[in-house]
Amino acid sequence: MEAGMYRAVSGGRIALQRRQYSASCREFSVRCPRLQLRSLSAATCSVWLAAYGLFVLSQNSMVLSAAIFITLIGLIVYLHFVKIDQESLLVIGSLGIQMTSSYASGKENTTFIEMSQVKDVVINEAIYMQKVIYYLCILLQDPREPHGVSEVVPLFQSSKPRLDCLVEVYRSCQEILEQRKTSDFTRTLN
Amino acid sequence: MVLKVFFPSCCATAESGLLIGRWIPEQNSAVVLAVVHFPFIPGQVKQYLSEVQRVTQINMCVLGSWSNSKQEKEGVLDKFLEDLSTIFSHEPWIQLSKERDSKFWSCCIFQKYPSSPKEDEFILVYYDQRKVMLSQLHPTDSLTTSADHEGNDASKLGAVFDTVAKSKVLFMTDRYDDGPIKLTHWQSEGVEASIIVELMKQASVPVCMLLTFLLSLVSSVCKSRVMKFWPLSFIWSKLSTCEQLGHRLEHLQIISSNRKAQNQTQLMRKANIFVSLFIDMALGILLMSWLYRENRIGQLADTLIPVADHIAKELQDLLQWLMGVPAGLKMNRALDQVLGRFFLYHIHLWISYIHLMSPFIEMILWYVGLSACLGLTVALSILSDIIALLTFHIYCFYVYGARLYCLKIYGLSSLWRLFRGKKWNVLRQRVDSCSYDLDQLFIGTLLFTILLFLLPTAALYYLVFTLLRLLVVVVQGLIHLLVDLIDSLPLYSVILRLCRSYRLAASVKFRVLEQKPGKPLRLLMQINPLSYGSVVQTYRLTTYACYPKDSWSSLCKKLFVGELIYPWKHKGEKQD
């Protein structure tokens, strides 16, 4: 198991963990920057100051309870639906590729793509506002039509690692995909 | 080449024996379905397998051997297992073995004709047999369009799920059965069955037959008489209650038909319709019990006449306002008075008609309210129809105003063309120039001026009544939307997703179990259920929904020109 510290596109620190389970099975986990206590308390304080200001103006205590309610609900929604803690990619040669995103509340969202649908794993570049960012993506193909790209699935969307981290992941994935190509070749020979 | 073995997690503690299942050569994977225990007679095992193969249409065979060495008879067992590979010849012969107190298994294969010289890699995938058997895989759109499922099953997971689902008959024997073969699978401790389900299955046959008979009677009555007489068929098509009743009748016919559901989709559809009808009727009966308590019907009937009177009074005030100086605009006195008096007389007729009906209102409402037991959707449709009937005079005014305005607009556009010396060529559907006589031009210009100066008055009446009509249409539309929602929501599927989420599978997810170098890779396959949005989208029931047919731009154009608009027109055809 290997780990390394890299930077995301936004500048935050992210950690990449690589595990090799067997010759054709590898897992890459990218850990996003955690929720900072600073930003959480800043948001809470601003909401409550605004609520207190409204209370002073209107003298209605419902405003304060509403503010508490909104803060709680907002925090729960943010942790459960928005804040992604870790994104991992599990590549099992001859079975498929699995992407998991785990949220801060513990919820996990998994997508599995079978190997017959995977055409290739590439690094694409995109122009976003004034920046050029690189992202790793899986090219999908229709199994009946091996020469067209039917869909592009981007990986590591929330953590957005920079090119150096992506290159590591790309090299490892390509090693496994190469094995698939050689095994396909030997199978067609026989 | 990587060899994948799908092993049921219930057999992990089974005694040593033979592995039976299906071998999928194109994917180099073996799906193990059960373990046959010693002692057995090879001939009987082969016979049993051929019987099961005939029933389930799966290519079942002996895949290899399984040894769970709790005892210390290792040497003898190994030789015995090798001999077995000569009896049940299968390419490749898989040997799985598990040591005592060890989590890690070892796996080796014997091949008569080794295809590749290099060492093979194994992947062991554990799966929950019961869940995989009961679940239904919903592949994404790109794979569903394949017509030839049996031929080249491009989806590996589809093949695995298919194999386990079809081999249901294999799981019907448990280890307490006195047969020549002892199996271990997920039901080997005892076949599961539910008394309630069996009783309901037995009871449902006569109930279905009775229901089919009643429904055929009702539908024959509907088809025979209604189509003959013109007023009845006209009313039938206009009232939304009748449409809703017809819709529900069709649903009942689908449920009570004797044919079993061919595939999973039809079964889910039937179940959804049944749950939807049940909830509908339950809500309807609840509504009925609330309405009939404390004489609410009487109260409703008592408030209905004053409400109708109030609406009429408001309309009269509105017309008086229009006949005066509405919003500071100066109207053409004569036309204003004519139109205003005409509409006022209309309202007077309507009010006297309502007062004529008033003694019977309570009785009518009482009997109509009884029909709420047929379902909440029927009650809502009746409400929508009552609103339509009560605001019939607004509809009439809208039609009069629209026709007048439309006539003016067409007249103006035609005379404008005359003013410029052009004419509309009906044959060529275009505007051509034309030379008019002097008297034609004179009359035309005169009429044009008259129509132009009378336009604001007619336009104002049209505007006011169109707005009122649109208000009523929006209210009716909301009610129809609610009815549609109750009709089309697949409640059974949503509840299934909530309670037994493994039955609706979108895909699978793998978890890597503890590894040891040198031992094969172990993965746990779990079912990834569909999201609620895709459940609703996949299993939505078809409805007779009437969404706005016109886009906003064509609607505005029609309003401007004065064409009559029917935004919620039922066309009688199904829309998903």
Side-chain angles (χ1 to χ4, degrees), chain A residues 1 17-29 81 88-102 107-119 140-146 148-153 176-177 179-190, chain B residues 1-6 25-29 113-125 137 139-148 151-160 505-523 525-529 531:
Chain A
M1 181 169 110
Q17 243 183 17
R18 275 168 297 168
R19 271 207 188 100
Q20 170 142 354
Y21 293 113
S22 84
S24 67
C25 177
R26 288 185 199 172
E27 188 177 17
F28 311 96
S29 321
F81 293 108
S88 64
L89 186 73
L90 175 70
V91 182
I92 310 170
S94 83
L95 261 182
I97 303 184
Q98 174 171 292
M99 290 107 56
T100 316
S101 324
S102 9
K107 175 173 100 156
E108 281 190 5
N109 217 0
T110 321
T111 321
F112 179 74
I113 302 177
E114 292 190 50
M115 214 33 129
S116 58
Q117 280 182 289
V118 171
K119 186 163 187 220
L140 299 186
Q141 71 189 21
D142 205 352
R144 289 160 295 172
E145 193 198 330
V149 175
S150 68
E151 214 183 314
V152 172
V153 178
I176 299 181
L177 291 180
Q179 292 174 5
R180 171 182 72 149
K181 290 200 184 86
T182 49
S183 66
D184 272 350
F185 190 57
T186 48
R187 196 151 53 110
T188 51
L189 273 186
N190 293 345
Chain B
M1 187 63 195
V2 181
L3 185 83
K4 297 173 280 280
V5 177
F6 290 88
E26 349 17 282
Q27 295 158 17
N28 219 26
S29 47
Y113 314 105
S115 54
S116 58
K118 69 175 163 74
E119 214 179 270
D120 286 317
E121 203 191 320
F122 300 104
I123 298 183
L124 268 173
V125 182
L137 200 58
T140 49
D141 299 305
S142 52
L143 289 173
T144 44
T145 50
S146 64
D148 45 356
N152 39 355
D153 219 304
S155 162
K156 293 183 189 175
L157 300 169
V160 172
S507 179
V508 294
K509 50 188 176 196
F510 291 96
R511 203 167 58 130
V512 184
L513 300 173
E514 221 179 296
Q515 285 307 107
K516 190 169 163 189
K519 300 284 182 183
L521 180 68
R522 297 183 318 142
L523 298 169
M525 183 170 92
Q526 289 165 318
I527 295 185
N528 204 7
S531 65

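Below, chain A is the first sequence line, B the second, and so on; all start at residue 1.
Between chain B and the residues A:Gly93, A:Ala23, A:Gly96, A:Ser24, the largest count of heavy-atom pairs under 4.5 Å involves A:Ser24.
B:Ile123 contributes atom CD1, which lies 5.0 Å from atom CG of A:Leu95 (distance to the nearest 0.5 angstrom). In this structure, CZ in B:Arg511 is found 9.5 Å from CD in A:Glu108, a value given to the nearest 0.5 Å.
Taking both residues in full, the closest heavy atoms of A:Gln98 and B:Lys509 are given as OE1-CA, 3.3 Å, listed atom of the first, atom of the second, then distance. Closest heavy-atom contact between B:Phe510 and A:Leu90: O-CD2, 4.1 Å.
Proximity to chain A involves both the backbone and the side chain of B:Leu157, based on heavy atoms less than 4.5 angstrom apart. There is no contact between A:Leu140 and chain B, counting heavy-atom distances below 4.5 Å. Only the side chain of B:Val512 comes within contact range of chain A, judged by heavy atoms closer than 4.5 Å.
With sequence neighbours left out, A:Thr111 forms a side-chain hydrogen bond (donor to acceptor under 3.5 Å, both in side chains) with no residue at all.
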